[in-house]
Amino acid sequence: MPELPEVETTLRGISKKILNKQINSFEPRTEKLRWPINKNLKKFLKNKKVCSAERRGKYIILNLSKGHLLIHLGMSGKLRVFNKPTEPKKHEHWDINFTDGWTLRYTDIRKFGALIKIDTKPDQHKLLKNLGPEPLGNSFNGEYLFSVTRKKTRPIKNLIMDANVVTGVGNIYANEALFLAGIRPRKQSRRLSKTNCEDLSRAIRQTLTEAIEAGGTTLKDYTNASEAPGYFKKELRVYDRGNLPCLTCGAKLKLIKQANRQTVYCPVCQN
DNA sequence: CTGGTGACCTGGCTGC
DNA sequence: TGCAGCCAGGTCACCA
């Protein structure tokens with residue numbers, strides 16, 4: 001579910017509601033999500049203040065008065081902040097309760113998300129230290145993409161979905177960006193021209209930016225921190241449209257399986 | 001080093 | 001209706 005725009009939308013939704021608040025208690029209701037939840041986390045979080053919140057790729061980092069908390073939403077995770085504690089339902093795996101009565105609650109049907117305490121500098125954590133540049137940042141551009149595609153034999157879609165090449169581009173937006181750039185997903189990375197790389201980096205930036213402005217994509221059940229759906233779905237041109245006509249030329253969109261993921265492209269518009 | 005695959009987990013949908 | 005089988009937005013760990 002959550003790709004970069006959904007994570008960004010979530011972060012914006014929770015930030016102002018939790019900033020500068022002090023943590024009263026942490027209540028886990030599961031032993032583990034993707035990894036076991038650190039047993040010292042209750043103690044670690046007690047009385048800590050949330051100084052700032054930021055995003056790195058699809059990770060949310062809460063910077064505390066001492067230490068950091070790393071949150072990943074996996075495939076189905078959601079964060080919500082509310083001030084009237086309700087009885088936690090199934091799949092609502094943890095709460096961070098603040099001293100003013102507000103609660104940050106995590107819901108995740110598939111338990112692919114993560115909650116990790118970090119004592120050192122976050123960017124040196126093994127999950128973060130190898131991440132590629134932010135697709136919306138200045139260091140991600142055609143020149144960068146050109147340099148990392150040289151000598152790479154793997155398909156370009158696999159490459160841009162590799163978080164160590166560029167972080168935050170998931171399946172939906174990889175499909176969309178490749179369509180926008182007119183490049184076939186299976187094209188070998190090293191075969192991309194300089195122009196291809198410039199088009200693709202621009203397409204990735206544009207796709208993500210538009211999705212953030214729309215509040216993320218809602219496919220099945222994504223909602224933002226206020227439980228509102230995202231409105232980007234109506235903007236999707238290829239994802240989830242296999243065998244339907246291309247919105248540009250009318251040709252039947254190809255649906256293939258690539259790297260175990262649904263991949264859709266237009267055989268006419270993309271080369 | 002590079003690249004491909006399995007695994008994690010649950011629910012929803014399809015088709016028999 | 002029931003149920004087996006397949007699929008899903010992510011990505012780490014492991015293997016060749």
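Just so you know, these numbers use all the heavy atoms, side chains as well, and skip hydrogens, waters and symmetry mates. In what follows, chains are A, B, ... by sequence order, proteins preceding strands, each numbered from 1.
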Any side-chain N or O of [X] below 4.0 angstrom from OP1/OP2 of [N]?
{"X": "A:K257", "N": "C:dA8", "value": "yes"}
{"X": "A:Y59", "N": "C:dC12", "value": "yes"}
{"X": "A:K126", "N": "C:dA13", "value": "yes"}
{"X": "A:H72", "N": "C:dC12", "value": "no"}

Under 3.5 Å: donor-acceptor pair, side chain of A:S189, backbone of A:T149: no
Expected output: side-chain A:Q22 to main-chain A:N47 donor-acceptor under 3.5 Å: yes
[X] side chain: which of [options] is closest?
{"X": "A:K32", "options": "C:dA8, C:dG10, B:dC8", "result": "B:dC8"}
{"X": "A:N171", "options": "C:dG10, B:dC9, C:dA13", "result": "C:dG10"}
{"X": "A:N260", "options": "C:dG10, B:dT10, B:dG6", "result": "B:dG6"}
{"X": "A:K111", "options": "C:dA8, B:dT10, C:dG9", "result": "B:dT10"}
{"X": "A:R110", "options": "C:dG9, C:dG10, B:dC9", "result": "B:dC9"}
{"X": "A:Y239", "options": "C:dT11, C:dA8, C:dA13", "result": "C:dA8"}
{"X": "A:R261", "options": "B:dC9, C:dA8, C:dT11", "result": "C:dT11"}

Below 4.0 angstrom, N of the basic side chain to O of the carboxylate: do [X] and [Y] qualify?
{"X": "A:R202", "Y": "A:D199", "answer": "yes"}
{"X": "A:K66", "Y": "A:D119", "answer": "no"}
{"X": "A:R56", "Y": "A:E134", "answer": "yes"}
{"X": "A:K78", "Y": "A:D108", "answer": "no"}
{"X": "A:E92", "Y": "A:R80", "answer": "yes"}

Nucleotide [N], atom [atom2] - distance to [atom1] of [X] in whole Å:
{"X": "A:N130", "N": "B:dT2", "atom1": "CG", "atom2": "P", "value": "12 Å"}
{"X": "A:W35", "N": "C:dG10", "atom1": "CH2", "atom2": "P", "value": "15 Å"}
{"X": "A:L127", "N": "C:dC12", "atom1": "CG", "atom2": "P", "value": "6 Å"}
{"X": "A:H91", "N": "B:dC9", "atom1": "NE2", "atom2": "P", "value": "13 Å"}

Bracket notation of DNA chain B in which parentheses pair within the strand, [ ] cross earlier pairs, and | pairs with another strand (Watson-Crick or G-U, under 3.5 Å): .|||||||.|||||||
Parallel, tilted or perpendicular: rings of A:H93 and A:Y106 (30°, 60°): tilted
Interatomic distance at C1', C:dG9 relative to B:dG3, whole Å: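 Result for the C1' pair: 23 Å, nearest Å.
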Between B:dC9 and C:dC14 - P atom distance, rounded Å: 16 Å
A:P135 to A:T167 - nearest heavy-atom pair and separation: CD-O, 2.8 Å
Those residues of residues 146-163 of chain A lying under 4.0 Å from DNA chain C by at least one heavy atom: none
Working for side-chain contact (heavy atoms from CB on, under 4.5 Å), residues A:I116 and A:N38: CA-CA 7 Å; A:I116 294 167; A:N38 190 303; over 6 Å; no
Aromatic ring of A:F112 stacked on base six-ring of B:dC8, 5.5 Å, 30°: yes
